[in-house]
Amino acid sequence: MVADLLIRGGEVLDGTGEPRRLADVAVKAGRVVAVAPHLNWAAKHEIDATGKVVAPGFIDCHTHDDTAVCDVFRMESKLRQGVTTVVVGNCGISAAPLTRLHIPAPLDILDRRGIAAHSFSAFSAQLEQQRPHVNVAFFVGLTTVRVEVMEDTSRPASADEIERMRALVETGLQAGALGVSVGTYYPPAQASTVDEVVAACAGMQGGRHVMSVHLRDEGDRVLEAMEEATQTAARLNVPLVISHHKLSGAKNHGRSKETLARLEEYARLQPVCMDCYPYAASSTMLNPSKVDSASKVQVAWSTPYPQYAGHDLDEVALQWQCTRQEAAERLMPGGAIYFSMDMADVRAILSHPLTMVASDGLPHDTCPHPRLWGSFPRVLGRMVREDGWFSLETAIHKMTGLPATRFGLQHRGVLNEGAWADVVVFDAQRIIDLASYASPRQAPCGIDYVVVNGEVKVAGNTVNANAHGQLLRNFKEWI
Ligand SMILES: [Zn+2]
């Protein structure tokens, strides 16, 4: 038998969390056709993986890559980490459906130039036609929908507005969205109530769609925010993903004990899980009301003062002889990195069995948070190899099989016969992130090959320009 690609002699971690085993992996027509030791196959192309780990391509289940996926230079940040599938449209923010000329924060974290963002059908059709560089699944961002429908977002939506939101959400679900993302943390969605969200999302179907939520509060009122999110999902009868779970602000450090115990209680009653990035700093829009809760704030981008990207906000304030808050106001619109978490909480959350690894990277920032280029190898190099937080098998499961199951991505996130051939080959002794806050655009080392739908996309430092990704439309029945 002749395979298109044969990956020989590696230690296969199949994504399920089961122990590694020595095996060859044969690929034909984009699919894995055999996983077994000493396969007696010929192959058009072979990779010698002796001494290396062979795993399913990583699934970055929390991204803002909506408008970056067809741009190979932007997607290099993910591909070089071993990511072969991204979930876009998180935190209530999706590219479509938006026709407004003025786009308020945080919707401005996406660069919509060159993308058909006026409707989900146009957006998904363009992605399918151009082909993305990784596989893409998408959420309907409810804040985007709210901004599209409402002139004034500072109040709850009227019955008529909710009806228009519901209709727009349904167009997204019909175009193949995984579900809806909610971001009540952000100003344009803060005035929305549970009733409004439930009514706007009435088109979601239990057993088919998922809801991801950027909690209204990740600090003092985090438990109340978790209660709101779980209630919303329970009323809609859909699984819940709590996005980038964290405890912000010094006085909340250590409270992961409470939040994780509460999540376990919820998980006994309804499907709940979470994602997490392996850093103690967050990154989002520059918001003057949030800058004082962080020990340090670094500017990620600024429209009026682009030269301050990468600078400490306190330095800028000192130069301008003003407070942190005033400096933040002058730098807006912009983005920032907030040093506001405790690594012990990050460890407890990331180690929890309900937690998936995700980057939450912001691909359009001038000086982005290093999670954009570093999240997955950072977990494998620092948290697993150096610090022993959990096993390599568990880490790979959190990056592959677990998100594939929770998001219903069929035949992804596992390496077995019949799965799509998304594969990463890496050296478990060498893999490490190199991106830092001072120098964030650094590719990791230790990753040898990345295969997307059976095609070798990354070989060493080289990223192939041909696009092999697929739009993963949710047209299926799954549990
Ligand atoms: Zn978010």
Side-chain angles (χ1 to χ4, degrees), residues 11-20 52-62 81-83 218 222 241-248 252-264 267 272-283 339-361 369-406 413 424 426-437 442 444-447:
E11 284 190 324
V12 172
L13 281 91
D14 67 5
T16 64
E18 288 295 310
R20 66 195 82 180
K52 305 287 167 70
V53 167
V54 180
F58 304 145
I59 297 171
D60 191 351
C61 63
H62 188 105
Q81 291 188 60
V83 170
E218 295 176 314
V222 63
V241 180
I242 292 182
S243 295
H244 43 59
H245 184 39
K246 66 172 82 68
L247 281 309
S248 279
N252 296 304
H253 292 170
R255 291 187 64 200
S256 58
K257 242 196 189 86
E258 283 170 64
T259 60
L260 293 174
R262 185 67 65 87
L263 266 163
E264 285 167 17
V272 180
C273 65
M274 61 200 139
D275 62 73
C276 177
Y277 46 83
Y279 297 86
S282 64
S283 183
F339 294 79
S340 61
M341 291 175 244
D342 185 67
M343 213 53 195
D345 286 320
V346 176
R347 177 174 184 163
I349 293 166
L350 200 61
S351 305
H352 195 278
L354 291 173
T355 305
M356 305 169 286
V357 176
S359 77
D360 197 13
H369 187 302
R371 65 195 185 187
L372 177 67
W373 285 82
S375 292
F376 290 81
R378 182 177 173 83
V379 169
L380 297 171
R382 294 181 203 277
M383 283 72 188
V384 172
R385 185 179 63 242
E386 291 178 2
D387 298 335
W389 288 12
F390 36 81
S391 70
L392 186 60
E393 281 82 354
T394 297
I396 297 295
H397 180 58
K398 286 172 174 293
M399 300 172 175
T400 58
L402 185 60
T405 306
R406 292 289 178 160
V424 55
F426 67 91
D427 185 337
Q429 301 311 314
R430 280 186 60 234
I431 191 167
I432 201 87
D433 60 308
L434 298 175
S436 64
Y437 294 101
Q442 302 293 324
C445 70
I447 296 180

Partner residues of R382 under the salt bridge (Lys or Arg N to Asp or Glu O under 4.0 Å) criterion, sequence neighbours left out: D433
Nearest-0.5 Å distance, CZ of residue F426 to CG of residue L13: 6.5 Å
Check: N252 and D342 side chains under 4.5 Å, non-hydrogen atoms: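 With C-beta onward as the side chain, the pair stays apart.
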Smallest separation among heavy atoms of A280 and M343, with atom names: CB-SD, 3.8 Å
Any donor-acceptor N/O pair, R406 side chain to V241 backbone, under 3.5 Å: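 Absent.
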Gap between atom OG of S248 and atom CZ of F339 - 0.5 Å precision: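 One finds 13.0 Å between CZ of F339 and OG of S248.
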Sub-4.5 Å side-chain heavy-atom contact between C445 and R430: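 Answer yes - side chains close enough.
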D387 side chain vs W389 backbone, donor-acceptor pair below 3.5 Å: no
Pairwise distance CD1(I242) to CG(L263) - rounded to 0.5 angstrom: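 If I round to the nearest 0.5 Å, the distance is 4.5 Å.
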CG on L380 to CD on E386, rounded to 0.5 Å: 11.5 Å
Close side-chain approach of S359 and Y277, heavy atoms under 4.5 Å: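 They are not in contact (no side-chain heavy atoms under 4.5 Å apart), so the answer is no.
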Pairing residues for E393 by the side chain to side chain donor-acceptor pair (under 3.5 Å) criterion, not counting sequence neighbours: R20
Note, L350 side chain near K398 side chain (heavy atom, < 4.5 Å):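 A side-chain contact under 4.5 Å is absent here.
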Shortest non-hydrogen contact from H369 toward A281: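 The answer is NE2-O, 2.7 Å.
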CA sep, side-chain torsions, deciding dist, call: H245, H352, side chain to side chain contact (heavy atoms under 4.5 Å, CB included): CA-CA 11 Å; H245 184 39; H352 195 278; over 6 Å; no
Sidechain-backbone polar pair: Q81 side chain, L372 backbone, donor-acceptor under 3.5 Å: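 Judged by distance alone, yes, a pair lies under 3.5 Å.
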Test item: side-chain donor near acceptor, R371 and Y279, under 3.5 Å: no
Minimum-distance pair of heavy atoms, taken over all atoms of T400 and P56: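 Where T400 meets P56 most closely, the heavy atoms are CG2-O, 3.5 Å.
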CA sep, side-chain torsions, deciding dist, call: D360, D275, side chain to side chain contact (heavy atoms under 4.5 Å, CB included): CA-CA 9 Å; D360 197 13; D275 62 73; 5.9 Å; no
For D14, side chain to side chain donor-acceptor pair (under 3.5 Å) partners two or more places apart: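 Result, side chain to side chain donor-acceptor pair (under 3.5 Å) vs D14: T16.
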Distance-minimising heavy-atom pair for D345 and G254: OD2-N, 2.8 Å
Min side-chain heavy-atom separation S282-H244 under 4.5 Å: no
From CA spacing to verdict: side chain to side chain contact (heavy atoms under 4.5 Å, CB included), F390, V379: CA-CA 10 Å; F390 36 81; V379 169; 4.0 Å; yes
Counterpart residues, side chain to side chain donor-acceptor pair (under 3.5 Å), relative to H397 (two or more places apart): none
Side chain K257, main chain A348, donor-acceptor under 3.5 Å: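 No: the side chain of K257 does not pair with the backbone of A348.
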Main-chain N/O of I431 paired with R385 side-chain donor or acceptor, under 3.5 Å: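 Answer holds: yes.
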Which atom of C61 lies closest to which atom of V357, heavy atoms considered: SG-O, 4.2 Å
Exam field: side chain T355 to backbone S351, donor-acceptor pair closer than 3.5 Å: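 Side chain of T355 to backbone of S351, a donor-acceptor pair under 3.5 Å: no, none is there.
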Test item: H62 side-chain N/O and S243 main-chain N/O as donor-acceptor pair under 3.5 Å: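 Checking the backbone N and O of S243 against the side chain of H62, no donor-acceptor pair under 3.5 Å is found.
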All side chain to side chain donor-acceptor pair (under 3.5 Å) counterparts of E18, not counting sequence neighbours: none
Side-chain (H253) to main-chain (S340) donor-acceptor, under 3.5 angstrom: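 Confirmed, H253 side chain pairs with S340 backbone.
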Non-neighbouring partners of E258 that pass salt bridge (Lys or Arg N to Asp or Glu O under 4.0 Å), sequence neighbours left out: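 Residues passing salt bridge (Lys or Arg N to Asp or Glu O under 4.0 Å) with E258: R255.
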Beyond-backbone contact of L260 with M274, side-chain heavy atoms, under 4.5 angstrom: yes
Steps toward side chain to side chain contact (heavy atoms under 4.5 Å, CB included) verdict (L247, V222): CA-CA 8 Å; L247 281 309; V222 63; 3.8 Å; yes
